[in-house]
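I have a structure here, written as structure tokens, and I will follow up with some questions on it.
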Amino acid sequence: MEEDSQITKGKYAADISSIKEAHDRIKSQVLITPVLSSASLNAISGRQLYLKCECFQKGGAFKFRGACNAVFSLNDEDASKGVITHSSGNHAAALALAAKLRGIPAYIVIPKNAPTCKVENVKRYGGQVIWSDASMQSREDTAKKVLQETGAILIHPYNDGRILSGQGTISLEFLEQVPHIDTLVVPISGGGLISGVALAAKSINPAIRILAAEPKGADDAAQSKAAGRIITLPETNTIADGLRAFLGDFTWPVVRDLVEDIITVDDSEIIKAMKLCFEILKVVVEPSGAIGLAAVLSDTFQKNPAWKDCNHIGIVVSGGNVDLAVLWDSFNKAK
């Protein structure tokens, strides 16, 4: 397929060139994740579904792609100072692992309410954990303080062109593995994943549809799309702990221009989709990773005539880092 020239270089924080460069930079480090399909899930959904299992990526989530690209694109002088981020989850572990592979320090500011399993991942990969309060203000202030003390390079979890480019490598793989996909369904939070995926996918196949999946308890992206500007929420409430961030100035323009629609689902739908992944696919998926399947199975999607021609749907299963105690609790509540 011819690449779309409408996504011009410099219009967004990443483009097909930077995504291909990222792919060349990180291909020796990242895993090509498998695409699973299931006759049972196809029957339930009434479509052909293809699930790109980033839960099998190093670090247990897609975040390793962006973090790896950011870390390995640093020059030696900057890299020697180490890297810093603030994150409650998968980006934290991904950056710690990427830094370990490059042999540089990683300073990870983590809010005190972060899932235990994700904190353990950071420690396992050698990241230096610095605690902050749960608020975004506390996270940012703590990171700023550590940055001043260490001179480390800040790697934002999503609002960074290097991150978008790394995440976009998912589309390069996915559309090679299943070229006839007509629709991609991608979780949305800060927008780094869906921005990279959309920029690459639309460049390869301009006709492909990009749909976002978002929890109703953290529906800032859906509100932003409706309002035509970035909306932030005073608080979020969802089991999908990886989907509580707000869009940034690098990610919003891509979401505004290239994402056709945002499908919101409630936590009970997410839990049901997780159970299907466990029971049918035999794959461990965290709530944020199951939301794409939840969106495709939702009445919002199934009964919308606009999507009746979405027959070959690619779903990005973004991660598999589950806090098991929280998981069992949620399963019991859903009964």
Side-chain angles (χ1 to χ4, degrees), residues 6-19 21-22 62-63 65-67 69-71 73-74 78 83-92 94-95 109 111 132 135-144 147 152-171 186-203 210-215 218-236 242-262 264 288 318:
Q6 289 180 329
I7 304 175
T8 50
K9 196 172 178 71
K11 185 176 181 182
Y12 302 110
D15 57 35
I16 192 66
S17 301
S18 68
I19 292 165
E21 285 166 13
F62 76 94
K63 291 279 191 180
R65 295 174 182 269
N69 187 49
V71 166
S73 64
L74 295 173
D78 285 343
V83 288
I84 180 171
T85 198
H86 55 83
S87 167
S88 61
N90 290 327
H91 176 71
L95 192 66
V109 175
S132 76
S135 72
M136 186 58 72
Q137 191 64 51
S138 174
R139 284 165 57 160
E140 289 175 351
D141 289 348
T142 307
K144 200 177 290 181
L147 194 146
I153 307 298
L154 179 67
I155 309 290
H156 194 277
Y158 53 86
N159 205 43
D160 184 312
R162 299 165 297 186
I163 296 291
L164 269 64
S165 297
Q167 318 309 22
T169 62
I170 290 172
S171 287
V186 188
I188 191 166
S189 180
L193 172 60
I194 198 165
S195 294
V197 164
L199 286 164
K202 291 271 193 184
S203 293
I210 310 291
L211 302 176
E214 186 173 46
D219 67 344
D220 58 287
Q223 290 189 36
S224 300
K225 192 86 168 147
R229 60 185 174 86
I230 295 177
I231 300 284
T232 58
L233 306 175
E235 61 180 0
T236 57
L243 301 179
R244 294 173 183 158
F246 304 133
L247 297 167
D249 56 350
F250 283 8
T251 57
W252 162 242
V254 186
V255 173
R256 179 192 65 207
D257 298 347
L258 302 183
V259 175
E260 271 80 5
D261 200 3
I262 298 176
T264 58
S288 307
S318 53

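Just so you know, these numbers use all the heavy atoms, side chains as well, and skip hydrogens, waters and symmetry mates. Note that the coordinates shown come from a computational prediction; the quantities given were computed from them, not determined experimentally.
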* Going by atom types only, do His86 and Ser132 share a side-chain donor-acceptor pair under 3.5 Å? -> no

* Could you tell me the separation between the CG atom of Asn90 and the CG atom of Leu193, rounded to the nearest 0.5 Å? => 11.0 Å

* Would you please test Asp220 and Leu233 for side-chain contact (heavy atoms from CB on, under 4.5 Å) and show each step? => CA-CA 6 Å; Asp220 58 287; Leu233 306 175; 3.8 Å; yes

* Roughly how far, to the nearest 0.5 Å, is the CZ atom of Arg139 from the OG1 atom of Thr85? -> 8.5 Å

* **For the student: nearest non-hydrogen atoms of Pro111 and Ser87, plus distance** => CD-O, 3.6 Å

* **Stepwise side-chain contact (heavy atoms from CB on, under 4.5 Å) test for Ser138 and Asp141** => CA-CA 5 Å; Ser138 174; Asp141 289 348; 5.8 Å; no

* To do: Supply the atom-to-atom distance Thr169 OG1 to Glu21 CD, rounded to the nearest 0.5 angstrom.
  => 13.0 Å

* Answer whether the closest heavy-atom distance between the side chains of Val197 and Ile170 falls below 4.5 Å. => yes

* Structure fact -> When every non-hydrogen atom of Gly190 is compared with those of Tyr158, the smallest separation belongs to O-CD1, 3.2 Å

* Asked: How far apart are the closest heavy atoms of Pro187 and Ser288, and which atoms are they?
  -> CG-O, 3.6 Å

* Asked: Looking at residues at least two apart in the chain, or sitting in another chain, which of them share a side-chain contact (heavy atoms from CB on, under 4.5 Å) with Arg244?
  -> Thr236, Thr238, Asp241

* Side chains of Thr251 and Ile188: closer than 4.5 Å at any heavy-atom pair? -> no

* **Closest non-hydrogen atom pair, Asn159 against Phe250** => OD1-N, 2.8 Å

* **Closest heavy-atom pair and its distance - Asn69, Gly166** => ND2-N, 3.9 Å

* **Side chains of Ser195 and Val255 in contact at under 4.5 Å (non-hydrogen atoms)** => yes

* To do: Quick one: closest heavy-atom pair of Gly168 and Ala200, and the distance?
  => O-CB, 3.5 Å

* Do Arg162 and Ser73 meet the criterion of a side-chain donor-acceptor pair at a distance under 3.5 Å? -> no

* **Nearest-0.5 Å distance that lies between atom OG in Ser224 and atom CD in Glu214** => 8.0 Å

* Asked: Hey, are the side chains of Pro157 and Ile163 touching, using non-hydrogen atoms and a 4.5 Å cut-off?
  -> no

* To do: Could you grab the distance from atom CG of Asp15 to atom CG of Leu199, nearest 0.5 Å is fine?
  => 7.5 Å

* Do the side chain of Ser189 and the main chain of Ala245 share a donor and acceptor less than 3.5 angstrom apart? -> yes

* To do: Can you measure from CD1 (Ile19) to CG (Leu164) and round to the nearest 0.5 angstrom?
  => 7.5 Å

